Amino acid sequence: MTETPSRPLVHDLYFEGTPIKDTKAPNVSIEQMWTKREFDAKLVNPSNRRKLSVIIIGTGLAGASAAATLGEAGYNVKSFCYQDSPRRAHSIAAQGGINAAKNYNDDGDSVYRLFYDTVKGGDYRSRESNVYRLAEVSAKIIDLCVAQGVPFAREYGGLLDNRSFGGVQVARTFYAAGQTGQQLLIGAYQAMERQVAAGTVTPFTRHEMLELIVVDGKARGIIARDMVTGALETHLADAVVLASGGYGNVFFLSTNAMGCNVTATWRAHRKGALFANPCYTQIHPTCIPVSGEHQSKLTLMSESLRNDGRIWVPKRREDCEKDPRDIPEEDRDYYLERIYPAFGNLVPRDIASRQAKYMCDDGRGVGPLVGDFRRGVYLDLGDAMRRMGKEQLAEKYGNLLDMYQRITGENPYEVPMRIYPAVHYTMGGLWVDYDLETTIEGLYAAGEANFSDHGANRLGASSLMQCLADGYFVLPNTIRDYLAGGPFKPVADDAPEVVEAQRSVQERIDRLLSIQGTRSVDSFHRELGNVMWEYCGMERTEEGLLKGIDLIRSLRDEFWRNVRVLGSADTLNQSLEKAGRVADFLELGELMCIDALHRRESCGGHFRSESQTEDGEALRDDEHFLYTAAWEYGGDEPPTLHKEDLVYYAIELKQRSYK
Amino acid sequence: MRLTLKIWRQAGPDVAGDFVTYQVDDVSGDMSFLEMLDVLNEQLNSEGKEPIAFDSDCREGICGMCGLMISGLAHGPEVTTTCQLHMRSFSDGDTITVEPWRADAFPIIRDLIVDRSAFDRIIQAGGFITVNTGAAPEAHSVPVPKANADRAFDSAKCIGCGACVAACPNASAMLFLGAKITHLGEVPQGQPERDSRVVKMVAQHDHEGFGGCTNIGECSAACPKEIPQDVISTLNKDLRTALRHGY
């Protein structure tokens with residue numbers, strides 16, 4: 001990444017750098033690419049494998065499956081997670097299912113169709129070669145999971161049941177009730193624990209990676225904090241895999257788990273790994289709304305409710321406080337049915353989300369006041385109730401409705417439910433090539449932590465598929481090509497790069513503990529979340545993003561002057577853990593705004609109000625933005641943008657329309 | 001509402017702990033139990049006191065990370081996880097006792113946090129089906145009768161939270177263990193290792209210091225996923241069969 005001294009500074013916010021591209025995908029037709037890459041990847045003699053070591057951060061579907069597979073192959077694997085057990089990783093919360101091109105229903109599905117749907121769903125902002133491979137290996141995932149004993153839903157004949165999901169017209173989604181993520185993760189966890197017993201995988205639970213060690217341009221280890229004793233540990237290896245998940249918690253409130261964070265990937269970014277498309281965020285329209293200032297997270301409810309529910313707000317602002325049952329039909333605004341008569345309540349996620357925001361911005365939101373604002377719209381099952389009866393409704397949605405009642409205390413069979421959009425998934429992540437290798441040699445990224453497969457928007461039931469494709473089938477094949485280049489020069493425990501990494505982590509911890517200001521970590525996190533939601537959320541404008549950047553900068557400045565972290569470093573200290581994560585979110589948030597600002601088009605989950613069709617739909621600008629934006633960390637300087645042009649050979653570019 | 005909380009505080013594994021009484025005002029019924037503790041922690045932080053350490057992650061009832069003994073009941077008065085318990089289950093003026101899981105096999109790390117790694121070691125002992133990535137046959141090559149698939153799933157719902165152990169007077173983990181034995185025993189893929197699995201897992205369970213089952217049933221009553229007690233019958237049956245087979 002050599003720069004010319006005259007590189008232009010854009011908006012005073014970033015430099016324009018040299019383009020980048022993937023060099024690993026073989027130059028053959030897309031159908032032959034993966035076969036050729038697997039064949040070309042060098043082999044490692046089984047007896048040499050145990051001398052080669054790999055560190056894996058994260059034990060979700062991508063991390064646990066990679067640990068299991070590399071362990072089975074005989075490599076020496078160290079696996080890290082911040083939770084008390086690998087089985088807790090947030091993949092466990094995925095509800096819907098996992099896609100695979102099995103075509104068990106003979107309804108016209110194929111590898112090509114799954115590939116096509118994923119590229120189209122990503123609004124043509126993903127890399128063809130990676131997505132094709134994802135579709136290609138998808139079928140093997142189901143075979144493996146079944147062999148592991150994953151209890152997928154089955155038909156009476158004993159064969160696997162499928163459903164159609166996420167707006168596609170074929171039934172290719174495999175599922176285990178509403179707990180598919182849990183069942184797949186338990187499968188991967190058990191496979192990994194088998195390797196722990198076999199001695200190939202060493203687990204480090206309640207450990208958090210705080211720094212990456214780079215020696216001679218290669219990733220060679222990490223600094224991790226033992227979250228129980230507070231000890232800083234140095235772990236060295238021949239390669240490092242980041243499978244540490246997404247960064248939706250930059251918004252404070254999201255459907256992510258409390259501990260989900262960007263620290264592992266952000267530390268790698270600071271050490272030279274490019275961060276791609278950070279602004280691509282998926283906001284899900286049907287979550288349970290915020291109930292008060294105390295809210296700590298948001299819970300998703302399956303979108304399937306929109307099949308039978310009607311979404312509305314009161315026509316008049318003064319009705320917003322009323323019991324919805326007392327608002328007569330003529331005073332209700334079924335706004336989706338009004339604006340989009342063809343699709344009605346079934347418009348795509350981003351449109352449904354934005355319209356809900358417009359209604360609330362207009363002062364017609366419902367539910368409790370949070371601050372001075374009501375954030376909620378009604379999802380009314382009244383008509384469905386009259387049509388189907390309570391029993392049938394319960395059969396179809398019983399679990400969901402029970403969950404809603406447990407959280408809100410309201411009976412959805414009697415009172416219209418309240419919903420509001422929430423941050424659910426981040427498509428951006430570390431830039432990786434066809435091998436899933438980042439721009440730091442020997443550093444790989446898998447699952448939600450990388451950017452590679454979902455473009456600007458992810459389809460339902462595709463995240464589980466991608467994580468397991470990466471961990472079981474892709475990474476173990478590509479990383480061996482790198483490991484075959486070993487044995488690598490040993491890194492001394494007192495190598496200058498190791499000592500420097502230890503020093504910087506220690507210094508940061510000492511600094512966080514020494515500020516002793518007046519505000520808690522959570523209060524900063526909450527404020528950052530509000531800024532991100534307001535200015536870098538569902539709808540983004542140039543003016544808003546510039547304002548957001550200013551606000552984040554001053555908040556970050558205040559954080560380092562005024563945060564209060566009590567306790568000490570040499571013990572379990574949850575405030576200290578959170579402080580480190582929030583400090584990184586405060587840097588990431590700014591980059592997300594810069595990325596969103598520079599991309600003056602709308603695509604997928606990224607909506608710039610300056611770029612919309614007459615109907616208010618996202619309007620892409622393929623002439624100027626048909627590329628992946630990969631950002632290089634600038635330190636005290638602004639970041640540098642490297643563009644990877646997206647070239648479509650197998651698929652024709654189209655503008656999507658839901659009218 | 002206004003609540004009095006008696007919360008177990010313990011600075012570390014080797015120091016004595018004790019109950020400390022706190023007052024929390026303005027608790028809304030819409031808060032989850034853990035959000036109520038978040039509010040208390042913010043209050044403590046502003047007073048310059050160290051916050052109470054407790055585990056939680058997904059906060060939607062599936063990861064199994066949270067778990068508190070609330071006035072003597074594992075996960076509190078409702079059949080759900082601590083994170084999904086809401087304050088509307090309590091009344092103004094209540095005094096609530098909050099303790100960590102109590103079991104020899106779950107040593108306390110700090111305050112309300114315990115070490116449940118014994119569960120991972122039980123899984124390592126045999127809670128899996130031996131199949132390497134790449135070695136699997138076509139998924140439809142072996143049909144699984146729906147009744148078996150459904151029972152496997154119902155047992156596999158276990159979230160490994162440890163409430164069964166905390167609720168059991170014997171601190172037995174046989175509900176956890178039985179759930180895994182039943183899950184893997186109900187599918188054809190789990191048959192080849194069925195005998196060895198149960199023997200090894202039971203041995204590890206006992207080695208960790210969990211007690212035996214005496215059919216009290218507190219485990220199932222406390223289980224947030226309502227795992228039925230009959231998985232323990234399956235466990236006992238499988239163990240008997242394995243021993244008869246000479247394991």
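Side chains are part of it too, since the values below use all heavy atoms of this structure and drop only hydrogens, waters and symmetry mates. Lettering follows sequence order; numbering is per chain, from 1. Note that the structure is a prediction, hence the values are computed from the model and not measured.
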Inset, instruction - Indicate yes or no: does B:D230 engage B:R151 in a salt bridge with an N to O separation below 4.0 Å. - result: yes
Legend entry - Heavy-atom side-chain contact between A:I141 and A:L184 under 4.5 Å: no
Inset, instruction - For each of B:S89, B:S117, B:S28, B:P137, tally heavy-atom pairs with chain A at distances under 4.5 Å, and name the one with the top tally. - result: B:P137
Legend entry - Contacting moiety of A:L159, where chain B heavy atoms sit under 4.5 Å: both
Inset, instruction - Report the option among B:E42, B:Q189, B:Q124 that has the most heavy-atom pairs separated by less than 4.5 Å from atoms of chain A. - result: B:Q124
Inset, instruction - Against chain B, work out which of A:K140, A:E155, A:Q516, A:E193 has the most heavy-atom pairs shorter than 4.5 Å and name it. - result: A:E193
Legend entry - Full working for side-chain hydrogen bond (donor to acceptor under 3.5 Å, both in side chains) between A:S523 and A:R526: CA-CA 5 Å; A:S523 80; A:R526 209 176 277 275; over 6 Å; no
Legend entry - Partner chain B: residue of A:R194, A:R564, A:R519 with the largest heavy-atom pair count (under 4.5 Å): A:R194
Inset, instruction - Measure distances from A:Q95 to the heavy atoms of chain B and classify the residue's part below 4.5 Å as side chain, backbone, both or neither. - result: side chain
Legend entry - Distance flag, aromatic centroids of B:F210 and B:F106, threshold under 6.0 Å: yes
Legend entry - Part of A:S85 lying under 4.5 Å from any heavy atom of chain B: both
Inset, instruction - Identify which part of B:I122 has an atom lying under 4.5 Å from any heavy atom of chain A, answering side chain, backbone, both or neither. - result: neither
Legend entry - Salt-bridge criterion met for B:D115 and B:R110 (N-O under 4.0 Å): no
Inset, instruction - Between chain A and each of B:G190, B:G64, B:A135, B:A149, count heavy-atom pairs under 4.5 Å; write down the option with the most. - result: B:G64
Legend entry - Ion pair check, B:K157 and B:E226, cut-off under 4.0 Å: no
Inset, instruction - Before accepting this row, confirm whether a basic side-chain N of the pair A:D226/A:R206 lies closer than 4.0 Å to the acidic partner's carboxylate O. - result: no
Legend entry - chain B interface, residue from A:R88, A:Q83, A:M192 that has the most non-hydrogen pairs under 4.5 Å: A:R88
Inset, instruction - Flag the one option from B:I62, B:I129, B:L184 with the top tally of heavy-atom pairs under 4.5 Å to chain A. - result: B:I62
Legend entry - Which of A:V196, A:T571, A:T408 touches chain B most, by non-hydrogen pairs under 4.5 Å: A:T408
Inset, instruction - Specify which of B:I113, B:T130, B:V142, B:N148 makes the most heavy-atom pairs with chain A at under 4.5 Å. - result: B:T130
Legend entry - When B:S46, B:A156, B:P145, B:S56 are compared by non-hydrogen pairs under 4.5 Å with chain A, the top option: B:A156
Legend entry - A:Q148 versus chain B, the contacting section by heavy-atom distance below 4.5 Å: both
Legend entry - Segment of B:K180 engaging chain A (4.5 angstrom heavy-atom cut-off): side chain
Legend entry - A:D161 and A:R154 ion-paired at < 4.0 Å: no
Legend entry - Salt bridge flag under 4.0 Å for residues B:R116 and B:D55: yes
Inset, instruction - Name the member of A:G181, A:G292, A:A176 that forms the most heavy-atom pairs with chain B at distances under 4.5 Å. - result: A:A176
Legend entry - Flag if over 12 foreign heavy atoms under 6.0 Å of NE2, B:H207: no
Inset, instruction - Name the region of A:H90, side chain, backbone, both or neither, that has any atom closer than 4.5 Å to a heavy atom of chain B. - result: side chain
Inset, instruction - Select, from A:Y82, A:Y104, A:Y189, the one with the greatest count of heavy-atom pairs under 4.5 Å involving chain B. - result: A:Y104
